[in-house]
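Here is how names work: the chains are called A, B, and so on, in the same order as the sequence lines, proteins then strands, and each is numbered from 1.
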Amino acid sequence: MPEGNEIHRFAKRHAAAFAGKRVSVDSPNKAFPDADALHNRKLHAVRAHGKHLGYVFGPDLILHVHLGMYGDFWEGKMPLPPEKGALRLRIWTRSDWLELRGATDCSIFDAAKWQSLLARLGPDPLHPNSDPAPAFELMHRRNTPIGQLLMDQSVIAGIGNIYRAELLFRAGLHPRRPGRHVPSPVLQSMWREARRLMPKGMVDRRIVTTEPKDRPHPRGRAHDDEIHYVYRRHGKPCFRCGTKIEKDDMAGRTVYWCPSCQKS
DNA sequence: GTGGGATGGGCAA
DNA sequence: TGCCCCTCCCACA
């Protein structure tokens with residue numbers, strides 16, 4: 001489900017509902033055996049970096065959640081809804097509840113493990129004070145295709161397959177252009193675009209990356225084919241030039257681009 | 001109803 | 001590079 005923007009949204013919402021409160025925690029499907037260690041403890045804060053979440057119950061008691069491909073949260077007001085599906089984790093207070101299913105990781109980190117996670121992640125465009133220089137430097141040194149570098153969480157944290165495709169389209173960059181052949185101003189403008197687009201990207205729990213002016217029906221719920229310029233639009237005409245969007249495998253993930261708008 | 005693919009990443013080899 | 005994790009959605013029948 002998530003790219004970095006949704007992770008940050010979850011962090012804010014979950015902090016608003018649960019931070020500063022003593023919470024109940026359980027794991028109905030027993031897939032998170034350490035639920036007992038958190039039960040009846042106070043949640044102090046919720047942190048997000050890239051696609052990682054940290055629920056801070058204590059210095060060495062941080063619940064790390066990575067949603068991966070399938071993971072998802074649901075939230076609501078009490079009472080708890082009936083148990084449904086593979087329910088990995090529930091957190092609740094007298095007023096709010098939270099459910100987690102399908103996550104790649106849901107485990108307790110101590111301070112050292114959380115720090116070493118942060119140390120191997122690149123700068124996160126969604127952190128207002130993050131410094132992109134190390135990411136630019138890495139990209140500028142490498143022959144690796146820019147499409148692969150954007151997905152590398154140790155280079156830049158939080159961008160997934162959708163934003164990769166859409167940021168490259170907006171930058172006019174072919175995904176296979178080597179990192180070292182991307183001019184600095186283009187890297188900088190991609191970083192700026194990521195900071196601008198990602199926070200406003202969620203509409204009806206979907207990532208939307210097109211500008212309203214490019215969507216034929218701006219007032220209604222956008223049709224699936226209107227919410228991205230290139231992502232999952234292979235074989236369809238580019239909104240800008242009409243050329244058919246292409247797709248290909250890049251290091252195990254599908255990348256999409258307009259062969260005429262995006263130059264290698 | 002069914003089957004393939006998907007916004008991710010760790011790990012073995 | 002390919003497999004696993006293990007869930008949801010959509011195209012297609």
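- Between A:Y256 and B:dA6 there is a side-chain polar atom (N or O) within less than 4.0 angstrom of OP1 or OP2.
- Put simply, CG on A:N161 is 11 Å from P on B:dG9, counting in whole angstrom units.
- Here A:Y231 lies in heavy-atom contact (under 4.0 Å) with sugar-phosphate atoms only.
- Listed for the A:Q153 side chain is a donor-acceptor partner under 3.5 Å among the backbone atoms of A:M151.
- Among the heavy atoms of the strands lying under 4.0 Å from A:R232 are primed sugar atoms or P, OP1, OP2 only; no base atom is included.
- Protein atom CG of A:L121 is 14 Å distant from nucleotide atom C1' of B:dG10, rounded to whole Å.
- Within 4.0 Å of A:A86, counting heavy atoms only, lie sugar-phosphate atoms of the nucleic acid but no base atom.
- For the side chain to side chain contact (heavy atoms under 4.5 Å, CB included) with A:R177, the qualifying choice from A:L168, A:I146, A:V186 is A:I146, the only one to do so.
- A ring-centre distance under 6.0 Å is not found for A:H228 and A:Y256.
- Atoms CZ (A:R206) and P (C:dC8) sit 19 Å apart, rounded to a whole Å.
- Distance CZ (A:R88) to C1' (C:dC8): 15 Å, rounded to an integer number of Å.
- A straight line from CG of A:L67 to C1' of B:dT7 spans 10 Å, rounded to a whole angstrom.
- B:dG10 and C:dC3 make up a base pair, with Watson-Crick or G-U wobble contacts both under 3.5 Å.
- Dashed line: the shortest gap from a side-chain N or O of A:R101 to OP1 or OP2 of C:dC6 is not under 4.0 Å.
- A salt bridge links A:E211 with A:R196; the closest basic N to acidic carboxylate O contact falls under 4.0 Å.
- Residue contacts for A:F73: at a heavy-atom cut-off of 4.0 Å it reaches no nucleic acid atom on any strand shown.
- Aromatic ring centres of A:F136 and A:H140 lie farther apart than the 6.0 Å criterion allows.
- For A:H66, no side-chain nitrogen or oxygen approaches OP1 or OP2 of B:dG8 to under 4.0 Å.
- When the P atom of B:dA6 is taken as reference, atom CD1 of A:I207 falls 15 Å away, rounded to whole Å.
- The nucleotide whose nearest atom lies closest to any side-chain atom of A:T254 is, among C:dC6, B:dA6, C:dC8, B:dA6.
- Rounded to whole Å, the P atom of B:dT2 lies 23 Å from the corresponding atom of C:dC6.
- Close to B:dG9, at under 4.0 Å from its OP1 or OP2, lies a side-chain N or O of A:K51.
- Closest to the side chain of A:I162, from the set C:dC8, B:dT7, C:dC6, is B:dT7.
- Nucleotides B:dG10 and C:dC8, compared at atom C1', are 22 Å apart to the nearest Å.
- No side-chain heavy atom of A:Y229 sits under 4.5 Å from any side-chain heavy atom of A:C258.
- The CZ atom of A:F32 sits 18 Å away from the C1' atom of C:dC6 (whole-angstrom rounding).
- Separating the CZ atom of A:R164 from the C1' atom of B:dT7 is a distance of 11 Å, rounded to the nearest angstrom.
- Using a 4.0 Å heavy-atom cutoff across all strands shown, A:R9 reaches no nucleic acid atom at all.
- A:T104 contributes a side-chain N or O that forms a donor-acceptor pair with the base of B:dG8 under 3.5 Å.
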